[in-house]
Number of protein chains: 2
Amino acid sequence: MTKIKETSTIQANKQSAFNECPVTYVMEKIGGYWKPIILFHLLSGSKRYSDLRKAIPAITEKMLIQHLKQLEADGLVMRVARPVIPPHVTYHLTKAGLALKPVLYAMAVWAVSDSKENSKVFARNLKSFPGFK
Amino acid sequence: MTKIKETSTIQANKQSAFNECPVTYVMEKIGGYWKPIILFHLLSGSKRYSDLRKAIPAITEKMLIQHLKQLEADGLVMRVARPVIPPHVTYHLTKAGLALKPVLYAMAVWAVSDSKENSKVFARNLKSFPGFK
DNA sequence: CATGATACACACTTCAGGGTAAGTACTTGT
DNA sequence: ACAAGTACTTACCCTGAAGTGTGTATCATG
């Protein structure tokens with residue numbers, strides 16, 4: 001994890017939001033481009049490191065590991081390493097990780113209904129992502 | 001809204017995550033330090049611009065406006081301006097914005113139970129926020 | 001003997017979100 | 001005449017999350 005500067009308003013704001021806002025608390029844990037995707041793949045069952053890599057081709061190894069370590073430190077996933085050569089490491093969701101299922105589900109439901117109701121807005125958003133026309 | 005570079009892997013990843021992952025879709029809309037807090041305040045009723053400023057003292061005017069504009073563009077809030085002097089502008093949640101209530105609630109429930117079950121992890125996290133001992 | 005597979009580690013760079021600070025327009029009150 | 005309130009706008013800077021690329025240990029297999 002990257003070092004954090006002590007004197008920084010942005011960190012102070014993060015702190016207060018973290019303390020006061022449970023939504024921010026959740027987003028600190030499942031936020032970022034990759035964490036939700038990793039969690040999604042683990043929700044369908046435990047996976048090896050290399051299986052995750054194959055399941056998410058676009059992710060770099062650095063990002064994958066970094067987020068797995070963070071998820072582990074946050075108590076959402078468990079790392080199980082078998083002491084064999086070549087290494088054999090699997091990642092599992094913990095109880096807390098599994099408890100995220102309804103949360104992620106609620107988000108997904110909203111996303112689907114929102115992208116239907118506001119298809120125009122959706123289209124505008126898509127345009128703002130380069131490579132789309 | 002800030003300009004976005006066309007040639008950027010990070011944007012490309014955002015795009016694919018946005019397309020494939022409904023959770024990312026939601027977080028694009030309610031993510032950031034301030035959006036959940038603004039939404040929270042609007043959930044308890046429509047508010048004037050100046051009321052929001054008073055309710056969230058730490059936020060700067062730039063951030064407040066910027067996020068309100070984004071929320072408006074995303075169809076989550078509605079801006080109602082009365083053509084009087086001095087100006088009188090109120091912000092309301094739209095149908096889609098109100099529909100976020102169960103989502104935010106699910107997140108809050110998880111946050112509370114998680115911070116209870118894993119008080120040690122919580123403590124570690126707090127330490128990582130400067131200003132805490 | 002060297003190539004491949006596995007699960008990482010580390011140094012370096014980029015960029016978009018967030019912060020700071022100052023200014024605008026228009027009118028009412030003193 | 002000038003300060004105060006309201007709802008913004010704009011220019012500039014800084015930081016930290018994310019991406020790029022290369023290196024490591026260990027053993028089996030051809």
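Heavy atoms only: backbone and side chains are in, while hydrogens, waters and symmetry mates are out.
- When all heavy atoms are compared, the tightest approach of A:Met107 to B:Val26 is O-CG2, 3.2 Å.
- Taking only side-chain nitrogens and oxygens, B:Arg48 comes nearer than 4.0 Å to OP1 or OP2 of D:dA7.
- For B:Tyr33, no side-chain nitrogen or oxygen approaches OP1 or OP2 of D:dT15 to under 4.0 Å.
- The nearest whole Å value for the distance from the OH atom in A:Tyr49 to the P atom in C:dA5 is 15 Å.
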*asked:* For a quick check, with a 4.0 angstrom heavy-atom cut-off, what is the B/S/- contact string for nucleotides 20-30 of chain D, read 5' to 3'?
replied: B-----BS---
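- Residue B:Arg79 is in sugar-phosphate contact alone, with no base atom involved, counting any heavy-atom pair closer than 4.0 Å across all strands shown.
- Between A:His67 and the phosphate of D:dA18, there is a side-chain N or O to OP1/OP2 separation shorter than 4.0 Å.
- Remark: A:Glu72 engages no residue in a salt bridge (Lys or Arg N to Asp or Glu O under 4.0 Å) (not counting sequence neighbours).
- Here the side chain of A:Trp34 is nearest to one of C:dA9, C:dA7, D:dA18, namely D:dA18.
- Residues B:Gly32 and A:Met27 approach most closely at O-CE, 4.5 Å, considering heavy atoms.
- The distance from atom CG of B:Leu64 to atom C1' of D:dA7 is 10 Å, rounded to the nearest whole Å.
- Each of A:Gly31 and B:Thr90 was matched to the nucleotide of DNA chain D holding its nearest heavy atom; the match closer to the 5' end belongs to B:Thr90.
- Shown here are the salt bridge (Lys or Arg N to Asp or Glu O under 4.0 Å) partners of A:Arg53, two or more places apart in sequence or in another chain: A:Glu61.
- If you measure from atom NZ of B:Lys69 to atom C1' of D:dT10, you get 14 Å, rounded to the nearest angstrom.
- Under 4.0 angstrom from either OP1 or OP2 of C:dC8 there lies at least one side-chain N or O belonging to A:Tyr91.
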